[in-house]
Undergrad: 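Shown below is the structure under consideration.
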Amino acid sequence: MKVLHIASECYPLIKTGGLADVLGALPWAQAQSGADVRVVLPYYPAVAELLPKAQPIDELHTFAGTIILREASYQGLSLYLLDAAHLFARHGNPYHNADYQDYPDNVYRFAALAWVGASLAAGLDQRWGRADVLHAHDWQAGLACAYISHWRVRLKTVFTVHNLAYQGLFAAWHLTELDLPSSMFAIEGLEFHGQLSMLKAGLYYADEITTVSQSYAQEITDKMYGYGLHGLLQHRAAQGRLHGILNGIDPKIWAPETDPYIAQNYSRVKTLKHKTESKYALQQRFGLSEDANKLLLVMVSRLTEQKGADILLEALPRILSDQDVQFVLLGSGEPSLSEAFARLAADYPQQVGVHIGYDEALAHQLIAGGDVIVVPSRFEPCGLTQLYGMAYGTLPLVRHVGGLGDSVRDGQTGFVFHQANAEDLFEAYQRVRTRWDKPRSWQYAQRQAMAEDFAWANAAQRYLELYAQ
Ligand code: ADP
Ligand code: GLC
C-alpha cells in the first residue's frame, strides 16, 4: 500500500504544535507495519537546515511560481520537499509573522503545497508511481482532495481534522488562480459563507474524514463545536465517512526511560523515585524552593482561547493561597495571556515560574518535573500533553472534552472536570490536593497512568484498516 501524507509540519523538522508530533510519528509507525509511506512538506528554512542535502528531482512551473521539488530521507522516512524561496523561505512560525499576522500569500503557499502533493499522489514522480491513498492533514492540505476530485484520479483520499478552528479562508476570486473550476465554488463544494475554505475542501472532497479522537468526531457534528460546518459533518457521518482515531505517543521522543532532556531517566516501577530529580531541576530553574513535598502543577501550551489558560488563571489565586503549591507555565501565543501569566509570576515569586516562548527541551522538563499537568481546554481535538503527562507519571488535570475525555480516566489516571469555568476546575483541583496527601494512592495513580498504552502502532493499524477498506 502506497500512502502519501501532505502536511505543513513534521517533528523535528518544523513544529508549532501537535500536528508536527503526529506527522513525525504516524508515517513512521505505518512504515513499520509494512506500508510504503512518503510525506510532502514545504522546504522551510528550518527544514533546509536539517536536510541541506535534499536532492532536486524536478522543476515545476505552477500557478504559485516555480517550485523545485526535492527529495530526502530523514530517519528512515521518505520526504518530498517544496523548495520555493518566494513562498517558504521565512524564518519562525510557518503561518504568520512575528506580530501574529497571517502571511498575505498563504493562499498560494498552501494551495501550492496541496497541488504538488496531489500531483505526486497522482504519479508525478514516475519512479514511485501513483499512490493508493492520499492522506491530507488540516486546512493547509485540504485542497489536495479537491484537486484529486477535479482531475478524476483513481485513488482514495483521507482528510484528517486536527483542528476545525483553523479553516484557511480566502477571498473567492482566488479560486480560478489556483487551477480549480469555478463550479467548485458552491455549497456542495468548497464555498463557505462567500469565501473559499481550504478546510471545507478537505471535508467535502475527501473519501473519508478522520479526527484525532472519537469524541471530537462526534462533537464537531454539533453546532457548539462545528464552526458552521456541523451540517456537512453530520452528512458525512451519516454516510459512514467520519471516523475518530486517537493519536498516540512516539516513544522515541516521549519516554522517561530514555528522554535526553531530563535530569535523570526513570521508569514506572523500579526507578520512579528518580522523577524527583526532574522536579528539583525545575524548581531550581524557576527559583522556587526545592522541595519534593510541594505540589507542582505545570502547563505546556499554546496560549489561545482553545486552551483555556484564562480559566486556569482565574482559579490560580485560590489554588496558590496554599503555600505548598507551585505552578510553572511554558507557553506562547496571545500577548494578553502571556502578560497575565507574567503578572502572576510577579505576584507569586515564591510559587510561580513562567517562561513565555517555545522551547522543546523545557517542554520535556516540565512534563517530567511536574506532579500534575493542567489541560483546561474549551475544546481539544486530541491533546498530546496529557498523554505525555501520563507516560511520565505526571497526572493530568483536564476538562472532559474531545481527546482529553477519551484518554484520561478520572480518579485513576488523572482528574477530570466538566464545565469550562474556574469553579469546576477548582473543584477537581481539590480532589487532586486530597489525593496528593496520600502518597501511596498518588503513586498508585502514577503507575496506572504510566501503564496506559497509547502506542502509535494501534492508531497506525486503524488508519491502515481504513485505507484498506
Ligand atoms: P496543539 O497541537 O493544539 O497545540 P497538542 O497538545 O496536540 O496541542 O500538542 C502540543 C505540542 O506542542 C506538544 O508536543 C507540546 O509539548 C508542544 N508545545 C506546546 N507549547 C509549547 C511551548 N511553548 N514550547 C515547547 N513545546 C510546546
Ligand atoms: C491539533 C489539536 C490537538 C491535537 C493535535 C494533533 O493541534 O489542537 O488537540 O492533539 O492537533 O492531532
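Fair warning: this is a prediction, and the values are worked out from it, not measured in the lab. First listed ligand is number 1; within each ligand, the first listed atom is number 1. Position 1 is the first residue of the sequence; numbering continues from there.
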Undergrad: Starting from atom 2 (O) of ligand 1, which protein heavy atom do you reach first, and at what distance in Å?
TA: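 Among all protein heavy atoms, the one nearest atom 2 (O) of ligand 1 is G18 N, 2.6 Å.
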
Undergrad: What's the shortest heavy-atom distance between L464 and S33, and which atoms?
TA: CD1-CB, 3.5 Å

Undergrad: Relative to the heavy atoms of P381, which atoms of ligand 2 are at a distance of less than 4.0 Å?
TA: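 Listed by number with element, the hits are 2 (C), 8 (O), 9 (O).
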
Undergrad: I need the atoms of ligand 2 closer than 4.0 Å to a non-hydrogen atom of N163, numbered in the order shown.
TA: 8 (O)

Undergrad: Heavy-atom pairs closer than 4.0 Å: do any link ligand 2 to the side chain of L19, the backbone, both, or neither?
TA: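 Answer for L19: backbone.
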
Undergrad: Is the distance between the ring centroids of Y463 and H135 under 6.0 Å?
TA: yes

Undergrad: Check ligand 1 against Y388 and write out every atom of the ligand that is under 4.0 Å from a heavy-atom position of the residue.
TA: 14 (O)

Undergrad: Any idea which of T385, V300, I356, L384 brings a heavy atom closest to atom 5 (P) of ligand 1?
TA: L384

Undergrad: Could you tell me, atom by atom, which parts of ligand 1 come under 4.0 Å of a heavy atom of R302?
TA: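 Listed by number with element, the hits are 1 (P), 3 (O), 4 (O), 20 (N).
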
Undergrad: Do Y225 and H230 have ring centres separated by under 6.0 Å?
TA: no

Undergrad: Which atoms of ligand 1 are found less than 4.0 Å from any heavy atom of G331?
TA: 23 (N)

Undergrad: Check each heavy atom of N247 against ligand 2 and say whether those closer than 4.0 Å belong to the side chain, the backbone, both or neither.
TA: side chain

Undergrad: Give the residue, atom name and distance (to 0.1 Å) of the protein heavy atom nearest atom 2 (C) of ligand 2.
TA: H162 O, 3.1 Å

Undergrad: Within 45 degrees of the axis of the six-membered ring of F426 and under 6.0 Å from its centre: does R318 put its NZ or CZ there?
TA: yes

Undergrad: Test your reading of the structure: does E380 have an N or O sitting under 3.5 Å from an N or O of ligand 2?
TA: yes

Undergrad: Counting C-beta onward and ignoring hydrogens, is there a side-chain heavy-atom pair between Q140 and M198 closer than 4.5 Å?
TA: no

Undergrad: List ligand 2 atoms under 4.0 Å from V212, heavy atoms only on the residue side.
TA: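 In order of numbering, the contacting atoms are 12 (O).
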
Undergrad: How does Q386 reach ligand 1, by side chain, by backbone, by both or by neither, if only non-hydrogen atoms under 4.0 Å count?
TA: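 Contact part for Q386 vs ligand 1: neither.
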
Undergrad: Let me see the working for D102 and R109 under salt bridge (charged side-chain N to carboxylate O under 4.0 Å, His left out), right down to the final yes or no.
TA: CA-CA 12 Å; D102 285 350; R109 300 172 75 227; over 6 Å; no

Undergrad: Number the atoms of ligand 1 from 1 as they appear, then name those within less than 4.0 Å of a heavy atom of K15, with their elements.
TA: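 Those qualifying, in numeric order: 12 (O), 13 (C), 14 (O), 17 (C).
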
Undergrad: Are the aromatic ring centres of Y108 and H174 under 6.0 angstrom apart?
TA: yes

Undergrad: Which of the numbered atoms in ligand 2 are below 4.0 angstrom from a heavy atom of V22?
TA: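 The atoms of ligand 2 under 4.0 Å from a heavy atom of V22 are 6 (C), 12 (O).
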
Undergrad: Mind checking whether K307 contacts ligand 1 via backbone (N, CA, C, O), side chain (CB onward), both or neither, at a 4.0 Å heavy-atom cut-off?
TA: side chain

Undergrad: Determine the sole option in W139, Y103, W115 for which the ring pair (Phe, Tyr, Trp, His ring centres under 6.0 Å) test with F110 is passed.
TA: W139

Undergrad: P376 and L312: which non-hydrogen atoms are nearest, and at how many Å?
TA: CG-CB, 4.2 Å

Undergrad: So, 4.0 Å and heavy atoms of G357: is ligand 1 close enough to count as a contact?
TA: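 The answer is yes, since G357 has a heavy atom less than 4.0 Å from ligand 1.
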
Undergrad: Mind running side chain to side chain donor-acceptor pair (under 3.5 Å) on K252 and T258 for me, showing each step along the way?
TA: CA-CA 8 Å; K252 296 190 296 312; T258 51; over 6 Å; no

Undergrad: Considering heavy atoms of the protein only, find what lies nearest to atom 13 (C) of ligand 1 and give residue, atom and distance to 0.1 Å.
TA: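 I find the closest protein heavy atom is D21 OD2, 3.7 Å.
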
Undergrad: What atoms of ligand 1 come within less than 4.0 Å of a heavy atom belonging to A363?
TA: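 Reading through ligand 1 atom by atom, the close ones are 25 (C), 26 (N).
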
Undergrad: Taking the minimum heavy-atom distance to atom 26 (N) of ligand 1, which of Y358, Y166, Y11 ranks first?
TA: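 Among Y358, Y166, Y11, the closest heavy atom to atom 26 (N) of ligand 1 belongs to Y358.
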
Undergrad: Working note: D310 + R378, criterion salt bridge (charged side-chain N to carboxylate O under 4.0 Å, His left out); need CA distance, chi angles, decisive distance, verdict.
TA: CA-CA 10 Å; D310 54 313; R378 291 199 164 73; 2.7 Å; yes

Undergrad: Does L190 form a side-chain contact (heavy atoms from CB on, under 4.5 Å) with Y204? I'd like the steps, not just the answer.
TA: CA-CA 7 Å; L190 48 68; Y204 185 83; over 6 Å; no

Undergrad: To which protein heavy atom is atom 8 (O) of ligand 2 closest, and what is the distance rounded to 0.1 Å?
TA: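 Answer, as residue, atom name and distance: Q306 NE2, 3.1 Å.
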
Undergrad: Under 6.0 Å between ring centres: does that hold for H364 and Y261?
TA: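 Under 6.0 Å, so yes.
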
Undergrad: Are any of the N or O atoms of G18 closer than 3.5 Å to those of ligand 2?
TA: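 No, no N or O pair falls under 3.5 Å.
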
Undergrad: Can you list the ligand 2 atoms lying under 4.0 Å from a non-hydrogen atom of G383?
TA: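 That gives atoms 3 (C), 4 (C), 9 (O), 10 (O) of ligand 2.
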
Undergrad: Closest heavy-atom contact between Y95 and T16?
TA: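 What the structure gives for the nearest pair is CE1-OG1, 4.1 Å.
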
Undergrad: Working note: H243 + Q214, criterion side chain to side chain donor-acceptor pair (under 3.5 Å); need CA distance, chi angles, decisive distance, verdict.
TA: CA-CA 7 Å; H243 319 268; Q214 280 192 332; over 6 Å; no

Undergrad: Among all the protein's non-hydrogen atoms, which is closest to atom 20 (N) of ligand 1, and how far away is it?
TA: S301 C, 3.5 Å

Undergrad: Non-hydrogen atoms of C382 versus ligand 1: any pair closer than 4.0 Å?
TA: no

Undergrad: Can a side-chain donor-acceptor contact be found between D259 and Y388 if the only test is distance below 3.5 angstrom?
TA: no

Undergrad: Just to confirm my output: which protein heavy-atom neighbour is closest to atom 24 (N) of ligand 1, and how far is it?
TA: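 For this ligand atom, the closest protein heavy atom is D359 N, 3.0 Å.
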
Undergrad: Any nitrogen or oxygen of C382 lying under 3.5 Å from a nitrogen or oxygen in ligand 2? Just yes or no.
TA: yes

